[in-house]
Amino acid sequence: MSDLLEKTAAPARPLDTGGLFPPVSAIDIEAQGVAKSFGATPIFSDVSFRLARAEAVALVGANGTGKSTLLRCLMGLIPTSSGKVTLLGQNASSAKGKALRVLRARIGLVSQKHNLVPRLSVLSNVIHGLLGQRPGPRHWSHTFAPVASREAGMQALEKVGLDGFALRRADRLSGGQSQRVAIARAIVGNPEILIADEPCASLDPAAGEDVMELFFKLAKDKGVTVVFTSHNIAHALQYGDRVIGLADGAIKLDATAASLRPADLRGLYD
């Protein structure tokens, strides 16, 4: 972890004495003893980790280990059964109402299901990504959105290479194009954290590679902290700075991607 912090930290500041103190990265996400059960069925327990600013973390494990559930707990979409989640310096476990909505608005989400509104335009779907920051009916359609919001939506589409598709209906897109629109929607509000749940699971291999390359280029360019789940071992090692593995209701692996081989991850799926 210390190597990771050194890599992502800002330059050290000089002290009054003329010396330097060690650089320290901000911690964007911290889980402390997090557990989740649904009724009498435990999903995971005693999950603890800290994620530094601009770190990319792959969350891996077999189906049913609770990867997606953990992501939802981290975002405050569902409550933890016990433990504490801290997001961007705030206690997400106790945040409620407006405070939780404001906190979530600082996070972008990309899921394997694109969740676009089929009959609306591509631009309208992207502008929906601003609803957390600017709620209200004006952000349901690009036709009624403020000029600044439309411009932000077009800039996001340009970043994913789809600015020429702004007025096309979402149901006329290919799978890869739809996922690019979902990425544009996630980044339009300039989030500080991006969370991606199997972002290319529904895509063919070529489109999946394109989406992963694009997603991580955008994240790295902005210094955004990324947490993503994947069953693709190669993706976990290629795009993650760090890999966290879930198995048997607990964290079984937490290491830098550079220190791991594919065989180290395959054991999580036994």
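Within the structure, the ring-ring contact (aromatic ring centres under 6.0 Å, His included) test picks out no pair touching residues 77-113 (sequence neighbours left out). Among residues at least two apart or in separate chains, side chain to side chain donor-acceptor pair (under 3.5 Å) pairs with a member in residues 120-134 are S121-S124, S121-H142, S124-H142, R134-S149. Listed by first then second residue, pairs satisfying side chain to side chain donor-acceptor pair (under 3.5 Å) with a partner in residues 162-171 read R169-D171, not counting sequence neighbours. Listed by first and then second residue, the ring-ring contact (aromatic ring centres under 6.0 Å, His included) pairs that reach into residues 38-57 come to none, sequence neighbours excluded. Sequence neighbours left out, not one pair with a member in residues 75-103 passes ring-ring contact (aromatic ring centres under 6.0 Å, His included). Residue pairs meeting the salt bridge (charged side-chain N to carboxylate O under 4.0 Å, His left out) criterion with at least one partner in residues 190-215, sequence neighbours excluded, are R106-E192. Within the structure, every pair that satisfies the side chain to side chain donor-acceptor pair (under 3.5 Å) test and touches residues 75-91, not counting sequence neighbours, is listed here: N91-S94.
Cluster partners of L260, by chain and number: V60, I233, L237, V243, L253, L265, L268, Y269. The rule joins Ile, Leu, Val, Met, Phe, Trp and Tyr whenever side-chain heavy atoms lie under 4.5 Å apart. Listed by chain and number, the hydrophobic cluster partners of L131 are W140, where partners are ILVMFWY side chains within reach of under 4.5 Å, directly or through others.
In this structure F215 satisfies the ring-ring contact (aromatic ring centres under 6.0 Å, His included) test with no other residue, sequence neighbours excluded. Here S37 pairs with nothing under the side-chain hydrogen bond (donor to acceptor under 3.5 Å, both in side chains) rule; sequence neighbours left out. The ring-ring contact (aromatic ring centres under 6.0 Å, His included) test applied to H235 returns Y239, not counting sequence neighbours.
Judged purely by atom type and a 3.5 angstrom limit, D28 has no side-chain atom pairing as donor or acceptor with the backbone of T225. Judged by distance alone, the side chain of T229 and the main-chain N or O of K67 form no donor-acceptor pair under 3.5 Å. Checked by atom type and distance alone, the side chain of K36 pairs as donor or acceptor with a backbone atom of P79 at under 3.5 Å. R50 places no side-chain N or O within donor-acceptor distance of the main-chain N or O of A31, the cut-off being under 3.5 Å.
Two residues are said to be in side-chain contact when any heavy atoms from C-beta on lie closer than 4.5 Å; L214 and V160 meet this criterion. For the pair F216 and Q238, the minimum side-chain heavy-atom distance is 4.5 Å or more. Side-chain atoms of V85 and E30, non-hydrogen and from C-beta on, never get closer than 4.5 Å to each other. Counting heavy atoms from C-beta on, the side chains of K159 and K222 come closer than 4.5 Å. Looking only at side-chain heavy atoms (C-beta outward), M75 and L71 stay at 4.5 Å or farther from each other. At a threshold of 4.5 Å between non-hydrogen side-chain atoms, the residues F165 and L173 count as touching.
Between L123 atom CG and R185 atom CZ the span is 13.0 Å, to the nearest 0.5 Å. Rounding to the nearest 0.5 angstrom, the gap separating the CG atom in L51 from the CD1 atom in I29 is 5.0 Å.
The two atoms that bring A182 and H114 nearest to each other are CB-O, 4.1 Å, heavy atoms only. Closest non-hydrogen pair, V224 versus P191, comes out as CG2-O, 3.6 Å. Among all heavy-atom pairs drawn from L103 and A92, the shortest one is CD2-CB, 3.9 Å. In terms of heavy-atom proximity, A156 sits nearest to V126 at CB-CG1, 4.1 Å. Minimum interatomic distance between P199 and V110 (heavy atoms only, all atoms of both residues): CB-CG1, 4.3 Å. Nearest heavy atom pair, residue A236 against residue A257, reads O-CB, 4.5 Å.
Annotation: K113, atom NZ; neighbour count of heavy atoms from other residues, nucleotides and ligands within 6.0 Å does not exceed 12.
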Could you walk me through whether N63 and H231 pass side-chain contact (heavy atoms from CB on, under 4.5 Å), step by step?
CA-CA 9 Å; N63 287 330; H231 285 299; 2.8 Å; yes
